[in-house]
S.K.: 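Quick one: the structure is below, and I'll ask about it shortly.
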Amino acid sequence: MADPGLAASLDRLGTETAFEVLARARELEAQGRPIIHLEIGEPDFTTPRHIIEAGAQALLDGHTHYCPAPGLPVLREACAGHLSRHRGLPIEPNRVLVAPGAKPFLFFGVLATCDPGDEVIYPNPGFPIYESVIRWAGATPVPLPLVEERGFAFAADDLAERLTPRTRLVILNSPANPTGGIVPRELNVEIARVLAGHDCWILSDEVYSELLYDGEHDTIAAHEDLLDRTILLDGMSKTFAMTGWRLGYAAFPRELVEPVTRLIINSFSCTAPAVQLAGVAALTGPRDETDAFKEEFRRRRDAVVAGLNRIPGITCVMPQGAFYAFPNITGTGLRARELADRLLDEAGVAVLAGTSFGSYGEGYLRLSYANSLENIEAALAAMAGLLERAAA
Ligand SMILES: Cc1ncc(COP(=O)(O)O)c(C=O)c1O
C-alpha cells in the first residue's frame with residue numbers, strides 16, 4: 001500500500017535538540033563509552049522529600065481521577081499567592097491555569113493569540129520551542145538577537161525596530177535559556193514603554209525566575225499596565241527539581257483564560273491531581289533544600305566559567321541565572337555544530353551547539369552545569385585536551 005503521508009504542517013514543527021543529543025549520548029553509553037552529560041536542562045538533584053511525600057500521599061488518599069481542567073483550586077490559589085508575593089503583583093487565582101509542565105502553555109499561548117501571517121518577536125538564541133510553535137501556528141517568527149556584548153540581552157530599540165502592525169505576540173525569557181542572561185529592571189522599564197504604545201500580547205517565560213544568582217527577579221508584567229496582556233509563565237521543573245513530574249502554571253490575561261482552558265480540554269484534559277498536590281507542597285513548604293540547590297549551582301557556575309576561560313580559543317561571560325554557560329568558541333576556528341559533535345564523539349562530553357537555539361547561536365556552545373563539580377572538571381579537561389589535539 002502507498003504511504004498515506006503526513007500532515008504538511010509537520011514540516012513546520014521543529015524539535016528540541018537536547019533530547020536528540022541525549023539519545024545519541026545514551027547510545028554511545030550503551031556501547032560502553034563513558035559520557036559526561038552537559039546537554040540536558042534539568043537539575044540533577046532529587047525532588048525534596050516533603051514534595052515526594054505529598055504526591056505519594058495524594059495517590060494513597062485516592063487522588064487518581066480526572067479533576068477540573070484549569071487546575072485544582074488549592075494549587076491555583078497557591079500559584080497566585082506565590083506569583084503575587086514573588087513578583088509583587090496582584091494575581092487572582094482564577095487567572096492561573098495549570099498544565100503538565102510549562103511547555104504546553106508556550107504552545108497554547110501562541111495558538112490562542114496568533115493567526116497565520118501574524119508576526120511573533122522572540123529571543124534568538126532562545127528556547128527552540130518558541131520558533132517551532134510560532135511556525136507551526138503559521139505565524140512569522142521575528143528573531144530578536146541577544147548579544148554577548150550586552151550580557152546576552154537586547155536594547156529596547158532592537159525591540160522597537162521589530163514591532164510592526166502585524167506583531168501579535170512578543171516572547172521574553174528571563175533568566176534565559178540558553179545564555180543565562182537576564183532582562184534587568186531598567187531594561188524592562190524601557191521595554192514596557194515601547195510595548196505600551198503597541199497593541200500586542202506578551203508571553204514572559206520565567207521558568208528560571210528563582211535561579212537568579214544576584215539581585216531580584218523583575219517581570220515585565222509589573223510595568224505599565226502590561227499585566228493585563230501578559231502570559232506570565234512559571235513551573236516547578238527547574239526551581240524544585242521536578243522535571244519528571246510535569247507541572248507548570250501561568251497567570252493569563254482574563255480574556256485568554258477560557259480559550260486556553262478549552263485548549264486544555266481538547267488536549268490533556270487536566271493535570272494529574274496528585275502531581276498538583278505535590279506542587280502545593282512545593283510552593284507552600286520549606287525552602288532550605290531549594291536554597292541549597294541554588295548555592296550548589298552557583299559554585300558550579302563559577303567553576304565552569306573559570307574553567308572555560310582557561311581553555312585557549314574559548315571565552316565565557318558570567319551567566320546571571322538559570323544553569324547554563326554559553327561560551328564563545330569562535331577562537332577555536334570550529335563551527336558550533338562541529339565542535340559539539342567532536343566533543344561527544346572524541347571526548348565523551350555531551351553539550352549542545354549554540355545553533356540548536358537559533359541562527360544567532362553560531363559561535364557558541366551551551367553547557368548545562370546541572371552536573372557534579374567533579375564531572376564538570378573532568379568535562380573541562382576533556383574539552384581542553386580535544387582542542388589541544390585539534391590545534392596540533
Ligand atoms: C526557557 C524554558 N521554558 C520552558 C521550559 C519548559 O519546562 P517544563 O515544561 O519542564 O516546565 C524550559 C525547559 O527546558 C525552558 O528552558
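Ligands are counted one by one from 1 in listed order, and the atoms in each one are counted from 1 as well.
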S.K.: Any donor and acceptor pair, going by atom type alone, linking the side chain of T164 with main-chain N or O of R166 inside 3.5 Å?
M.R.: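 Confirmed, T164 side chain pairs with R166 backbone.
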
S.K.: Purely on distance, is any nitrogen or oxygen of L247 under 3.5 Å from one on ligand 1?
M.R.: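 Among all N and O atoms of L247, none is under 3.5 Å from an N or O of ligand 1.
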
S.K.: Enumerate the atoms of ligand 1 whose separation from the nearest heavy atom of G101 is less than 4.0 angstrom.
M.R.: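 Near G101, the atoms of ligand 1 are 9 (O), 11 (O).
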
S.K.: Ring centres under 6.0 Å, that's the criterion: do F107 and W136 meet it?
M.R.: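 Yes.
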
S.K.: So is K238 polar-close to ligand 1, meaning N/O to N/O under 3.5 Å?
M.R.: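 Indeed, backbone or side chain, K238 has an N or O that close.
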
S.K.: Specify the closest pair of heavy atoms between A99 and F268, including all atoms of both residues, with the distance to one decimal.
M.R.: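 Heavy atoms only, the tightest pair is CB-CZ, 3.6 Å.
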
S.K.: Only heavy atoms of K103, strictly under 4.0 Å: list the atoms of ligand 1 that pass.
M.R.: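 That gives atoms 9 (O) of ligand 1.
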
S.K.: Look at R87 together with D234 and state whether they make a salt bridge at an N to O cut-off of under 4.0 Å.
M.R.: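 Looking at D234 together with R87, the answer is yes, because their closest N to O distance falls below 4.0 Å.
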
S.K.: With a 4.0 Å cut-off, would you call E27 and R24 a salt bridge?
M.R.: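 Salt bridge between E27 and R24, a charged N being under 4.0 Å from a carboxylate O: no.
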
S.K.: Can the ring centroids of Y208 and Y324 be said to lie less than 6.0 angstrom from one another?
M.R.: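 Ring centres of Y324 and Y208 closer than 6.0 Å.
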
S.K.: Whether E53 and R49 form a salt bridge (side-chain N of Lys/Arg under 4.0 Å from carboxylate O of Asp/Glu) is what I want to check.
M.R.: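 So R49 pairs with E53 through a salt bridge.
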
S.K.: Charged N to carboxylate O below 4.0 Å: is that the case for R185 and E190?
M.R.: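 So R185 does not pair with E190 through a salt bridge.
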
S.K.: Does some non-hydrogen atom of Y130 fall short of 4.0 Å from ligand 1?
M.R.: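 For ligand 1, residue contact (heavy atoms, under 4.0 Å) with Y130 is present.
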
S.K.: If we ignore angles and hydrogens, is there a donor and acceptor under 3.5 Å between the side chains of E29 and H37?
M.R.: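 Yes, a side-chain donor-acceptor pair sits under 3.5 Å.
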
S.K.: Which of the atoms in ligand 1, numbered in the order shown and given with their element, are less than 4.0 Å from a heavy-atom of Y208?
M.R.: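 The atoms of ligand 1 under 4.0 Å from a heavy atom of Y208 are 1 (C), 14 (O), 15 (C), 16 (O).
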
S.K.: With the threshold set at under 4.0 angstrom, would you say A102 reaches ligand 1 through any of its heavy atoms?
M.R.: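 Yes.
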
S.K.: Please state whether E42 comes within less than 4.0 angstrom of ligand 1, counting heavy atoms only.
M.R.: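 E42 does not count as a contact of ligand 1 under the 4.0 Å cut-off.
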
S.K.: For residues F152 and Y364, establish whether the separation of their ring centroids is below 6.0 Å.
M.R.: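 Centroid distance F152-Y364: below 6.0 Å, so yes.
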
S.K.: With nothing but distance in play, are any N or O atoms of T243 less than 3.5 Å from an N or O of ligand 1?
M.R.: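 Between T243 and ligand 1 (N or O atoms, distance only) the closest approach is not under 3.5 Å.
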
S.K.: Who's the nearest protein heavy-atom neighbour of atom 9 (O) of ligand 1, and how far?
M.R.: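 In this structure, atom 9 (O) of ligand 1 has R246 NH2, 2.8 Å as its nearest protein heavy atom.
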
S.K.: Where on I129 is there a heavy atom closer than 4.0 Å to ligand 1, on the side chain, on the backbone, on both, or on neither?
M.R.: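 Neither; nothing of I129 gets under 4.0 Å from ligand 1.
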
S.K.: Which ligand 1 atoms, with their elements, are less than 4.0 angstrom from a heavy-atom of D205?
M.R.: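 Listed by number with element, the hits are 1 (C), 2 (C), 3 (N), 4 (C).
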
S.K.: Looking at the rings of Y130 and F357, which for Trp means the six-membered one, are their centres under 6.0 Å apart?
M.R.: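 No; F357 has its ring centre 6.0 Å or more from that of Y130.
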
S.K.: Of all the heavy atoms in M236, does at least one lie under 4.0 Å from an atom in ligand 1?
M.R.: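 Heavy atoms of M236 never come under 4.0 Å of ligand 1.
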
S.K.: Which protein heavy atom lies closest to atom 12 (C) of ligand 1, and at what distance to 0.1 Å?
M.R.: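 Ranking protein heavy atoms by distance from atom 12 (C) of ligand 1, first comes F127 CZ, 3.4 Å.
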
S.K.: Based purely on interatomic distance, does Y324 place a nitrogen or oxygen under 3.5 Å from a nitrogen or oxygen of ligand 1?
M.R.: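 Not met; the criterion fails.
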
S.K.: Is there a polar contact, in the sense of an N or O pair closer than 3.5 Å, between N177 and ligand 1?
M.R.: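 Indeed, backbone or side chain, N177 has an N or O that close.
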
S.K.: I need the atoms of ligand 1 closer than 4.0 Å to a non-hydrogen atom of S237, numbered in the order shown.
M.R.: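 Under 4.0 Å from S237, ligand 1 has these atoms: 8 (P), 10 (O), 11 (O).
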
